[in-house]
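Only one structure is covered here, and it is reproduced in the block below.
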Amino acid sequence: MAEKWVEKYLKLKPEVNRIFEDLDQYRDYCRMNMLKFDEKDLYKSDQYRKFEKTRNWQMRQAERVNG
């Protein structure tokens with residue numbers, strides 16, 4: 001009985017899961033480009049906007065190559 005409750009409790013909603021995935025990708029971007037990483041910058045800093053542009057460009061390039 002308790003195992004089902006734990007599974008349900010630990011299961012993340014898709015919105016929350018997306019936030020954590022974005023945070024991980026942003027952390028990796030900051031690490032690779034030697035930038036200061038701060039969780040509270042997610043979705044609102046200029047640095048994050050540059051990361052988004054880079055990520056979108058990379059996704060378009062991958063579609064072009066694979067597509």
Side-chain angles (χ1 to χ4, degrees):
M1 178 89 173
E3 292 174 10
K4 290 181 182 179
W5 181 82
V6 170
E7 280 183 31
K8 185 177 179 182
Y9 181 74
L10 294 176
K11 192 173 192 178
L12 293 177
K13 294 183 178 180
E15 300 87 11
V16 176
N17 199 23
R18 173 139 191 253
I19 291 171
F20 282 114
E21 288 176 4
D22 289 347
L23 191 60
D24 284 341
Q25 291 176 356
Y26 181 54
R27 184 190 68 225
D28 288 341
Y29 171 79
C30 289
R31 183 174 53 92
M32 297 303 282
N33 293 299
M34 298 190 318
L35 301 170
K36 180 182 171 258
F37 172 71
D38 194 359
E39 294 90 358
K40 64 184 173 186
D41 289 341
L42 188 66
Y43 300 129
K44 47 185 173 172
S45 72
D46 290 333
Q47 185 173 310
Y48 181 79
R49 288 187 190 98
K50 288 179 186 177
F51 158 69
E52 260 187 335
K53 284 182 182 180
T54 303
R55 181 173 61 175
N56 290 337
W57 180 81
Q58 289 172 341
M59 289 173 65
R60 285 193 310 271
Q61 292 291 45
E63 287 176 4
R64 209 177 282 169
V65 169
N66 295 331

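Note: hydrogens, waters and symmetry copies are ignored here, and every other heavy atom, side chains too, is used. In this chain, numbering begins with 1 at the start of the sequence shown.
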Subject >> side-chain contact (heavy atoms from CB on, under 4.5 Å) evaluation trace for Cys30 with Gln47 >> reply: CA-CA 9 Å; Cys30 289; Gln47 185 173 310; 3.3 Å; yes
Original post:
Would you call Asp41 and Arg49 a salt bridge, using N to O less than 4.0 angstrom?
Top reply: no
Original post:
Rounded to the nearest 0.5 Å, how far apart are OG1 of Thr54 and CE of Met59?
Top reply: 13.0 Å
Original post:
Closest heavy-atom contact between Lys40 and Lys44?
Top reply: O-CE, 2.9 Å
**OP:** Using the test salt bridge (Lys or Arg N to Asp or Glu O under 4.0 Å), find all partners of Lys36 that sit at least two apart in sequence or belong to another chain.
**Re:** Asp38
Original post:
What distance do Arg60 atom CZ and Glu63 atom CD have between them, rounded to the nearest 0.5 Å?
Top reply: 9.0 Å
Original post:
Does the side chain of Asp24 reach to within under 4.5 Å of the side chain of Arg27, using non-hydrogen atoms?
Top reply: yes
Original post:
Considering residues, nucleotides and ligands other than Arg18, do more than 12 of their heavy atoms fall under 6.0 Å from its CZ?
Top reply: no
Original post:
Should side-chain heavy atoms under 4.5 Å link Ile, Leu, Val, Met, Phe, Trp and Tyr, which residues sit in the same cluster as Ile19?
Top reply: Leu23, Tyr26, Tyr29, Leu35, Phe37, Leu42, Tyr43, Tyr48, Phe51
Original post:
Side-chain contact, heavy-atom cut-off 4.5 Å: Gln61 with Gln58?
Top reply: no
